[in-house]
Student: 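Before we start, here is the structure in question, set down as structure tokens.
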Amino acid sequence: MIAVRALPNPGTLAESVSARDRSAVARALNLLDDKRPDARRYAARLLATLPADRLYRTGHLIGLTGPPGAGKSSLTAALVQVWRGRGLSVGILAVDPSSPISGGALLGDRLRMLSGELDDKVFIRSLACRGEFGGLSAEVWPMSLVMLAAFDIVLVETVGVGQKEIDVSKLTDTTCFVAQPASGDSIQFLKAGIMEVPHVLVVNKEDIGLAAKKTLSELRSTLKQPSDDDDWRVPALSASAAQGTGIEALANSLEAHRSWLERQGLLGSSRQRFQAEWVIKRLLEEFGRFGIECLGGKTVLMEKLMDTQGSAFDQYDLLQEQFLSDCAGETASLAR
Amino acid sequence: MKNNDKEVKRDRPWLMRTYSGHSSAKASNELYRTNLAKGQTGLSVAFDLPTQTGYDADHPLARGEVGKVGVPIGHIGDMETLFDQIPLDKMNTSMTINATAAWLLSLYIAAAERQGVSPDQLQGTTQNDIVKEYLSRGTYIFPPAPSVRLTTDIISYTVHQIPKWNPTNVCSYHLQEAGATPTQELAYALSTAIAVLDAIRETGQVDASAFANMVGRTSFFVNAGIRFIEECCKMRAFVRMWDRIAKDRYGVEDPKLRRFRYGIQVNSLGLTEPQPENNVQRIVLEMLAVTLSKNARARAIQLPAWNEALGLPRPWDQQWALRMQQVLALETDLLEYGDILDGSPIIEAKVQELVQGAEKEMRRVREEGGMVQAVETGYVKRQLVTSHTARMRTIESGDLNIIGVNCFTETAESPLTSGTDSGIMKVDAAAELEQIERLKAFRAGRNDADVEAALDNLKDTARGGENIMESSIRCAHAGVTTGEWSNVLRNIFGEYRAPTGIDISAQSMGRSDTVELLRERTRRTGEDLGRPLKILVGKPGLDGHSNGAEQIAVKARDVGFEVVYEGIRLTPEQIVKAAEEEGVHLIGLSVLSGSHLELVDDALKRLAKLGLSELPVIVGGIVPVEDEQNLKAQGVAAVYTPKDSDMNLIMADLVNIIREHNGLKRFEDAA
């Protein structure tokens with residue numbers, strides 16, 4: 001029972017997280033990762049207590065993805081320097097694959113993200129993707145929200161090529177794809193429409209010269225730019241994390257996409273949608289498809305959650321109760 | 001000398017050295033003079049880690065490391081003290097120095113000049129092989145490209161100014177420690193030499209005749225393990241392959257300049273902590289590997305002391321190591337014969353096999369774009385980790401016998417280690433503070449304007465393409481410190497953080513029952529605690545020997561832990577910050593430099609400050625028994641030393657430590 005007693009009070013924890021207390025962020029992330037039933041309840045309450053302003057209106061949630069070896073971690077390190085230079089605090093969630101056999105994982109990315117200097121305004125949590133092959137584990141999104149409540153920029157770094165791996169676009173404001181020079185894979189995926197088009201494309205390692213230039217021009221020719229002036233025009237950039245070139249421009253493009261979302265009034269609504277999807281996913285895990293049907297079906301639930309003013313997490317508690325009173329009896333009789 | 005009543009000519013013995021240095025320049029100078037009086041014929045300087053990685057003694061990262069694994073040399077004053085009453089025109093000095101080699105050589109030249117000795121009279125060796133630092137030893141500072149430039153600068157400087165100097169000692173020694181098989185050792189050491197010589201040829205700083213001399217001055221530093229027949233064949237393979245490379249690739253006509261010249265330290269990592277007296281016979285047998293074959297005999301030998309796995313050797317232990325060499329060279333008849341292995345078909349077949357294997361692997365390195373690229377892409381590191389893992393497996397399974405470790409472990413109590421000093425030397429804890437005091441006094445006494453001007457000059461040289469040596473020698477005379485010289489270059493060249501090599505290569509350790517059981521325990525404990533077990537493995541301080549930490553990290557992953565591997569050269573503060581951010585269940589600290597007490601104490605205090613004192617901390621490294629008790633009294637949950645060779649037992653232990661710290665019952669039966 002020791003472990004349960006050790007669970008932190010969600011209300012106080014939310015307060016400390018919003019006060020940008022690093023230890024609180026660490027404890028909140030542990031709580032969100034915790035699968036025990038008590039911890040799950042506490043976690044939902046923690047999320048519901050986080051300030052709505054931070055969750056819907058401020059900050060910037062960025063997804064950075066690309067094939068292994070494209071230099072994502074080095075690029076992250078370079079971006080962190082630029083952001084810190086602009087006075088912004090940064091939270092990073094680095095997702096690494098784990099072994100399907102042992103379940104273990106080696107999380108080595110921190111190494112490349114450390115500048116050597118200790119900086120309290122940079123916080124890194126590495127995460128194994130735990131067998132949800134290609135996709136992101138369910139904890140990633142709420143974890144990124146907790147970070148959003150405490151840091152100006154939250155970056156989720158994932159390994160991936162192709163559609164499945166660009167899952168990160170389903171939970172971040174801006175998705176940035178890092179392409180490996182001289183590897184045609186990403187271009188093929190884009191051309192074939194297998195991969196959803198990211199918001200910003202960057203070819204890393206421009207210092208290697210010709211191959212990088214060639215990849216960049218191929219990427220550019222693949223992108224269909226919109227005819228409507230209001231639509232987002234996907235920029236294709238080149239940079240070198242090693243040389244530190246093109247990083248300011250990349251940071252500017254990421255920021256430009258956020259401003260565009262805000263101008264279009266899309267920032268709050270897309271975050272609300274991520275949240276609604278997570279609540280449904282959670283209910284699905286807990287009560288199964290039957291539970292979702294019993295609560296009115298996915299479409300109805302989605303609408304309901306999107307319409308809710310303020311936190312959909314409050315709704316989660318209500319829906320749970322509703323299920324237990326309305327449907328649980330039915331389950332029991334079915335079971336009989 | 002008589003042999004069958006006939007006068008016979010004996011070969012001249014090799015240079016006999018002992019790798020040594022500790023505490024302070026003064027204490028080391030005394031040790032050197034004593035060793036020389038005992039018949040040592042050359043010096044081999046061990047520098048402490050702050051000196052090797054370019055930090056002054058008062059830098060935060062230097063804490064606990066000053067004077068530990070070698071002598072601290074912060075400026076010209078220290079260097080003069082180190083060679084006080086040792087005439088440098090007569091001495092042959094080997095310096096194990098790499099990232100800061102240009103600087104230490106500059107200090108050596110400046111100290112010699114102050115003795116009235118000109119550079120062209122100097123003899124000796126700078127290790128100056130940065131490639132293996134990225135792969136194994138870990139005392140790099142700069143990224144590969146500027147590091148290669150510093151290396152080539154030293155070579156082209158010495159070939160003109162110090163003709164008897166060996167400017168680079170290409171190391172296969174550390175490759176073996178990192179897990180290399182004899183074939184890999186041959187392939188990677190020779191590929192490294194090629195990378196360096198090619199780079200020099202490209203700089204155009206040397207003409208064709210000087211280049212042939214440079215090939216002739218390239219020397220090697222090799223390891224000899226316990227399989228001494230194979231090791232002997234490895235040396236013969238080296239000789240044959242280097243001769244061919246020098247001739248075919250570099251067009252060197254003079255056979256003398258194509259000789260494979262090498263120094264040797266026999267395998268230190270193979271020395272055992274249990275029954276340490278057995279190391280004496282290991283060392284002697286390993287010495288045979290590099291002396292039996294006249295045509296492939298070492299030019300210089302340094303032997304480790306029998307008790308190196310326990311801690312720092314005392315003067316008496318070093319004397320014993322020297323006497324082993326003297327007995328072989330001066331008492332036996334070894335040096336009276338030609339090459340006793342020439343013509344043996346068995347030896348020849350083995351040499352052929354090694355040459356062919358090495359040539360194949362060298363082609364593979366060429367496909368990667370050469371040695372520097374192969375290191376940068378992580379290819380070489382992956383190969384080494386794979387070999388090392390395979391070796392560890394054979395030890396675990398008992399297929400590889402290590403007497404006193406995995407077989408014949410019963411032993412009577414040893415009178416060698418039961419003395420009041422436990423059979424090792426202790427570095428005076430005050431040495432660090434005294435060194436810092438001396439450094440401050442030295443800084444206060446120098447001419448600041450000279451220092452500024454010399455540093456500005458160094459900056460200009462580093463930014464431009466000129467040879468770094470002249471401006472570094474000027475810095476030495478002006479009173480620049482090791483930290484100041486290194487900082488100028490750090491700011492211009494940048495700092496390097498190496499790929500760990502463990503992320504991709506580490507294959508699963510198979511499906512033995514023990515491993516399955518451990519995975520089950522890890523998984524169940526993770527479920528009990530709500531989330532998968534996560535540990536952090538880090539190396540605080542400046543010690544770069546990362547193999548042990550990497551083995552633990554890989555093994556832990558194989559039994560189902562999520563492992564945050566923090567790599568080398570971190571302050572306790574950085575490690576503690578990471579542990580908090582990552583939400584780990586346990587911290588593993590690996591320290592091989594002897595600074596465990598200071599570094600662990602620092603880490604524990606910082607954890608307490610963050611309210612994380614319930615987080616269990618384990619320590620691995622070369623930790624003497626009484627320090628082990630001391631660490632446990634401070635709150636360390638477990639201490640693992642080289643005698644804990646069963647990785648499965650360590651893993652079972654980690655799971656139980658985490659369980660106990662979280663109020664869960666231990667798994668009682670042994671894994």
Side-chain angles (χ1 to χ4, degrees), chain A residues 1-7 22-23 25-40 68-69 73-74 77 91-92 94 96-120 122-128 130 139 242-244, chain B residues 61 143 377-378 494-495 497-504 506 508-509 511 515-516 518-519 522-523 526-534 536-537 553-571 573-574 577-583 610-612 614 662-664:
Chain A
M1 290 315 282
I2 283 178
V4 176
R5 246 191 296 122
L7 287 176
R22 301 168 45 82
S23 302
V25 174
R27 271 177 288 135
L29 295 177
N30 295 350
L31 178 65
L32 290 171
D33 205 5
D34 199 325
K35 300 281 188 306
R36 289 170 297 184
D38 281 347
R40 298 213 129 197
S73 301
S74 316
I92 296 163
D96 267 333
S98 46
S99 153
I101 301 164
S102 69
L106 274 170
L107 310 163
D109 265 352
R110 287 186 74 87
L111 213 57
R112 271 161 275 177
M113 291 182 198
L114 292 164
S115 63
E117 294 301 312
L118 275 174
D119 186 348
D120 267 358
V122 180
F123 187 110
I124 306 170
R125 166 70 59 114
S126 349
L127 210 60
R130 296 172 190 165
E139 303 87 26
Q243 308 279 316
Chain B
L61 266 174
T377 58
E495 276 186 83
R497 292 204 77 90
T500 58
I502 57 176
D503 40 0
I504 316 159
S508 165
M509 291 280 254
R511 288 172 165 278
V515 170
E516 289 294 343
L518 285 168
R519 282 178 189 159
T522 310
R523 193 186 57 72
E527 278 173 14
D528 289 342
L529 297 178
R531 59 197 174 97
L533 295 190
K534 192 173 182 183
L536 181 147
V537 178
V554 171
K555 180 77 192 184
R557 190 213 56 171
D558 282 341
V559 300
F561 284 99
E562 294 183 0
V563 183
V564 182
Y565 177 59
E566 277 279 280
I568 65 165
R569 218 180 291 171
L570 299 161
T571 60
E573 195 177 2
Q574 285 172 314
K577 178 178 186 272
E580 180 181 49
E581 287 178 11
E582 295 289 356
L610 289 175
L612 293 174
E614 84 280 10
N662 287 282
L664 298 170

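Keep in mind the model is a prediction, meaning the values are calculated, not measured. Here is the naming used below: chain letters follow the sequence lines, and residue numbers restart at 1 for every chain.
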Student: To the nearest 0.5 Å, tell me how far B:Leu529 CG sits from A:Arg36 CZ.
Tutor: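 Answer rounded to 0.5 Å: 6.0 Å.
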
Student: In a check of side chain to side chain donor-acceptor pair (under 3.5 Å) between A:Ser126 and each of B:Lys534, B:Glu562, B:Glu582, B:Glu581, which one passes?
Tutor: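 Single side chain to side chain donor-acceptor pair (under 3.5 Å) partner of A:Ser126 among B:Lys534, B:Glu562, B:Glu582, B:Glu581: B:Glu582.
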
Student: What's the separation between atom CD in B:Gln574 and atom CG in A:Asp119, rounded to the nearest 0.5 Å?
Tutor: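 Reported value, rounded in 0.5 Å steps: 11.5 Å.
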
